Amino acid sequence: EAQVTQNPRYLITVTGKKLTVTCSQNMNHEYMSWYRQDPGLGLRQIYYSMNVEVTDKGDVPEGYKVSRKEKRNFPLILESPSPNQTSLYFCASSLSMGYNSPLHFGNGTRLTVT
Amino acid sequence: SQKIEQNSEALNIQEGKTATLTCNYTNYSPAYLQWYRQDPGRGPVFLLLIRENEKEKRKERLKVTFDTTLKQSLFHITASQPADSATYLCAPRDNYGQNFVFGPGTRLSVLP
């Protein structure tokens, strides 16, 4: 089944403890992206990747890192999480950046930083 | 700066009626516009795409219009059902932007 898989679904951690949220897609998509969603603020893009070894900042990249060593994986790294990074995170992918390439989203990771 | 607005945060309608959701954008020249549905706690799911040279697009009970003069897209659900209750997001896109930006969404509730 074609899908975007994120892990974990739920994560509670403490301030400053490094964590990684994994994202994997099995559709051979070139484009991958991370979003966070907060009440009243909607979906905001953190980082995106046009292809392997190509990443770029979205609208809210501070406090996050990403890497794209393989086409299928796009992990999100929080080196030193803070409470303001408590949010619902989504990974998404699309075949390309072309107009007829919709985004496919994972089921989300709900992160709580205490 | 670029801005995307969706008519209201929440919309309640009676089952069987037509729901109309609005997406307005400023400081954008989108070549196309996508609509997504999001259920609580789940990732958005793509519904429809309309290009700037298309006035209207239909898919089953869904209809989308795109008016580049008004800088607006309308999303209609005819014969609405309680199962249509969800948040609907619009995403205008130009041919050059590499970041994929969404509107804030409208939460639709279809009452039985």
Side-chain angles (χ1 to χ4, degrees), chain A residues 2-7 9-10 21 23 25 27 29-51 54-61 66 74 87-111, chain B residues 1-10 21 23-25 28-54 57 59 62 64 66 68 73 86-107:
Chain A
Q3 59 186 0
V4 177
T5 304
Q6 291 178 234
N7 280 299
R9 285 297 307 276
Y10 301 92
V21 183
C23 174
Q25 50 91 7
M27 296 170 279
H29 283 174
E30 288 186 350
Y31 180 88
M32 296 187 75
S33 181
W34 276 103
Y35 292 84
R36 61 177 289 174
Q37 189 170 38
D38 303 286
L41 295 175
L43 275 168
R44 293 181 293 168
Q45 192 173 42
I46 303 170
Y47 268 95
Y48 62 92
S49 169
M50 302 283 285
N51 214 323
V54 180
T55 63
D56 213 338
K57 296 177 182 178
D59 295 319
V60 289
V66 292
F74 191 44
S87 187
L88 179 58
Y89 290 86
F90 289 104
C91 180
S93 72
S94 73
L95 185 61
S96 72
M97 285 300 293
Y99 76 89
N100 58 347
S101 294
L103 280 173
H104 299 257
F105 283 82
N107 276 331
T109 295
R110 191 169 290 281
L111 172 66
Chain B
S1 62
Q2 295 175 330
K3 192 173 180 183
I4 308 167
E5 293 176 310
Q6 294 190 238
N7 54 327
S8 56
E9 196 173 316
L21 285 64
C23 175
N24 293 296
Y25 55 90
Y28 255 111
S29 295
Y32 57 98
L33 194 145
Q34 298 182 355
W35 283 89
Y36 290 76
R37 168 187 172 137
Q38 185 176 24
D39 292 291
R42 307 296 297 270
V45 175
F46 172 73
L47 294 174
L48 274 175
L49 174 152
I50 186 166
R51 286 185 277 179
E52 62 178 337
N53 60 353
E54 295 175 318
K57 202 83 169 280
K59 179 181 175 183
L62 308 180
V64 173
F66 194 10
T68 55
S73 175
T87 295
Y88 292 86
L89 308 165
C90 69
R93 304 218 51 213
D94 59 35
N95 282 326
Y96 310 105
Q98 295 179 350
N99 59 342
F100 209 123
V101 182
F102 288 82
T106 296
R107 188 173 66 250

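Note that the coordinates shown come from a computational prediction; the quantities given were computed from them, not determined experimentally. Computed from heavy atoms alone, side chains included, the values below leave out hydrogens, waters and symmetry copies. Naming convention: chains lettered A, B, ... in sequence-line order (proteins, then strands); numbering from 1 in each chain.
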Please say whether more than 12 non-hydrogen atoms of neighbouring residues, nucleotides or ligands are located less than 6.0 Å from CZ in B:R42. no

Side chain, backbone, both or neither of A:R9 within contact of chain B (heavy atoms, under 4.5 Å): side chain

Give the member of A:F105, A:F90, A:Y47 that has the highest number of heavy-atom pairs under 4.5 Å with chain B. A:F105

Contact class of A:Q37 relative to chain B, heavy atoms under 4.5 angstrom: side chain

Can you find a heavy atom in the side chain of B:Y36 that is under 4.5 Å from one in the side chain of A:L43? no

